[in-house]
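The next block holds one structure in the form of structure tokens; read it before the comments.
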Amino acid sequence: MIDPKIIREHIDVLEKALAQRQAAFDTAKLREIDEKRRSLIVETEKLKNEKNVLSNEIAKLKKSGADASGQIEYQRSLGQRIEACARDLRAAEEEWEQLALVIPNIPDSSVPVGTSDEDNAVVKTWGEKPAFDFAPKAHWDLGEDLDILDPKRAVKITGSRFALYKSQGAMLERALINFMLDLHVREHGYTEVLPPFMVNRTSMTGTGQLPKFEEELFHLDGVDYFLIPTAEVPVTNIHADEILKEDELPIKYVSYTPCFRKEAGAHGKDTRGLTRLHQFNKVELVKFAHPDNSFDELEGLTLDAEDVLKRLNIHYRVSALCTGDLGFSSAKTYDIEVWLPGQEIYREISSCSCFTDFQARRAKIRFRRQGGKTELVHTLNGSGLAIGRTVMAVMENYQDADGTINVPEALKPYMHGLDRITRL
RNA sequence: GGAGAGGUGACCGAGUAGGCCGAAGGUGCUCGCCUGCUAAGCGAGUGUACGGUGAAAGCUGUACCCAGGGUUCAAAUCCCUGCCUCUCCGCCA
């Protein structure tokens, strides 16, 4: 949620942000409800004050044995007026909240202005596309030839957009999870957490998935829980409703979880291989940062994620998303896109964002500044990295002409010394 | 799942014949004093949210004693529901 003060005092800032994001939103309506809401607050509180004062009088009268029936009678009518007023207030507040919760975050001034992913700005490239003296294959072909991916049986077990890894394929996935966790814990200073894979509605609202994107989420039958679409949700909510100490910031967590997404609206898109699944694994980086340096922390977090690909020695580039492509809660996002020679495309493998105080306001994550004032922290997160897509990248970049796959040097300790994936 | 107990401020812990309780007391923390170090001692302060007012400091109102309802002129205190915690039993990886 954005700062309500912006709605009152700098509506132009919000309107500009909405326009840049190409988001349609009725700001006039929001202002109108905000004013109505506040005048109702004043009115009900005035009545309540009157009631409280009178209550004390009644208590005193009763104590001294005097008659208070007149006051009690008046008190009764006051109660009815308060109730009516409070009802209006509740309605106004609900209406206000419904609107406020679907306003996206305001992009940082450094974010390039644009309308679609074509306007994203490549800010960095690392490494080079590998040269092959044969035609490199896509990972889905390699996977089936090596018998390490079995998409047909995955469909049988569940349905489309699920994967079944086998043998050295499953081991590669597991190796990457451990490799990434170790890297971020031991060299980048993150604390490992393993959170619940289901969360309640409050947590989903805290990070911004709800109320706007419910159709993207798997909801459980019988309890009001959702499968997490990313570890961002449970991990960011670790500190929901808390007041942190200024000197413990930034707090850095790394977490492996599976992620569950409906991928509604992606019908027929990326149907082959590991690209777009209803369930995939991811190692996620989450930071709770001081507002004074949160954008520096974003640079650092992105570098931490990039480091995975550097260690694996795989070519990638980094783009700053433009205003039109920015996610709902984000103020600034870098996408890391990995090169996939078998498909001859760059594919997003990590998305690193600074949410400023947008999530913190919803989830009530604060800290106490030197001098005593509480203030909202800034939250950040990024994939470090998506595991399935990293498997793809390893397979396609490390393939040989005979269809086998070299194991990257950095992964060998995690593959028990195996240096080549072959058909068993 | 069955039976019982309970959920009060950063923490511990008073507060049940309803009003004077945002809440005693203690610990912790902050600031000041004192003590040749350390410990102790003395004094003051120390919740959050949303409003009003103000340039600001501040002043002020309302709400919050797990959450949501209810009874009452009035609820931390009474009633109902939910959630959570603990103990015992059952079941189970």
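Model, not experiment: these values are computed from the prediction.
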Which part of the nucleic acid, if any, lies within contact of A/Leu54, taking any heavy atom under 4.0 Å across all strands shown: a base, the sugar-phosphate backbone alone, or nothing?
nothing
A/Ile41, nearest nucleotide to its side chain (from B/rU48, B/rG19, B/rG51)
B/rG51
Expressed in angstrom and rounded to an integer, what is the separation of A/Leu89 atom CG from B/rA63 atom C1'?
11 Å
If you measure from the C1' atom in B/rG26 to the same atom in B/rC86, how many Å do you get, rounded?
25 Å
To the nearest Å, give me how far apart CG (A/Asp3) and P (B/rC50) are.
10 Å
Sticking with atom P, work out how far B/rG6 lies from B/rA10, rounded to a whole angstrom.
24 Å
When the nearest nucleotide of RNA chain B is assigned to A/Glu50 and to A/Arg90 on a heavy-atom basis, which residue is associated with the more 5' position?
A/Glu50
If we only count heavy atoms from C-beta on, is the A/Ile365 to A/Gln359 side-chain gap below 4.5 Å?
no
Out of B/rU48, B/rG52, B/rC50, whichever nucleotide has its closest atom nearest the side chain of A/Thr374:
B/rU48
Which part of the nucleic acid does A/Lys63 contact within heavy-atom distance under 4.0 Å: base, sugar-phosphate only, or nothing?
base
B/rA76 -> Watson-Crick or G-U wobble partner, both distances under 3.5 Å, gives none
Using whole Å, what does the distance between atom C1' of nucleotide B/rG51 and atom CZ of A/Arg8 come to?
9 Å
Out of B/rC73, B/rG52, B/rA49, which has the shortest distance to the side chain of A/Arg38?
B/rG52
Nearest whole angstrom, please: distance from the C1' of B/rU72 to the CD of A/Glu83.
13 Å
Quick one: look up who B/rA17 pairs with, Watson-Crick or G-U, both distances under 3.5 Å, and put none if it's unpaired.
none
Distance-only, no hydrogens or angles: does the A/Arg389 side chain make a donor-acceptor pair with backbone N or O of A/Arg347 under 3.5 Å?
no
Quick one: which of B/rG61, B/rA63, B/rC20 gets closest to the side chain of A/Glu45?
B/rG61
Between B/rU62, B/rG47, B/rG19, which nucleotide gets closest to the side-chain atoms of A/Asn52?
B/rU62
Roughly how many Å apart are B/rA67 and B/rA14, using the C1' atom of each and rounding to a whole number?
24 Å
The Watson-Crick or G-U wobble partner of B/rC86, with both key distances under 3.5 Å, is B/rG4
If I pick the C1' atom on B/rG13 and the same atom on B/rG28, what distance separates them, to the nearest angstrom?
14 Å
Could you tell me the Watson-Crick or G-U partner of B/rU81, where both distances fall under 3.5 Å? Say none if there is no partner.
B/rA67
Remember a base hit wins even if backbone is also touched, and classify A/Lys46 as base, sugar-phosphate or nothing at under 4.0 Å, heavy atoms.
nothing
Answer for the Watson-Crick or wobble partner of B/rA44, both distances under 3.5 Å, is B/rU30
In this structure, how many angstroms lie between the C1' atom of B/rG52 and the CG atom of A/Asn49, rounded?
12 Å
Distance, rounded to the nearest Å, where A/Glu93 contributes CD and B/rG51 contributes P:
9 Å
Just the rounded figure in Å: distance from P of B/rU30 to CZ of A/Arg369.
20 Å
Name the pairing partner of B/rC59, where a pair is Watson-Crick or G-U wobble with both distances under 3.5 Å, or state none.
B/rG52
Determine, using ring centers only, whether A/His239 and A/Tyr253 are less than 6.0 Å apart.
yes
Are the side chain of A/Thr44 and the backbone N or O of A/Ile41 linked by a donor-acceptor pair below 3.5 Å?
yes
Would you say the side chains of A/Gln209 and A/Glu214 form a donor-acceptor pair under 3.5 Å?
no
Whichever of A/Ile58 and A/Lys62 has the more 5' nearest nucleotide on RNA chain B, that residue is A/Lys62
Identify whether any heavy atom of A/Arg361 sits under 4.0 Å from a base atom; if not, whether one sits that close to sugar-phosphate; answer base, sugar-phosphate or nothing.
nothing
Could you tell me the separation between the NZ atom of A/Lys48 and the C1' atom of B/rC64, rounded to a whole number of Å?
11 Å
Centroid-centroid distance, A/Phe358 to A/His378, less than 6.0 Å:
no
Parallel, tilted or perpendicular: ring planes of A/Tyr190 versus A/His188, cut at 30 and 60 degrees
perpendicular
Just compare B/rG51, B/rC73, B/rA63 and give me whichever is closest to any side-chain atom of A/Val42.
B/rG51
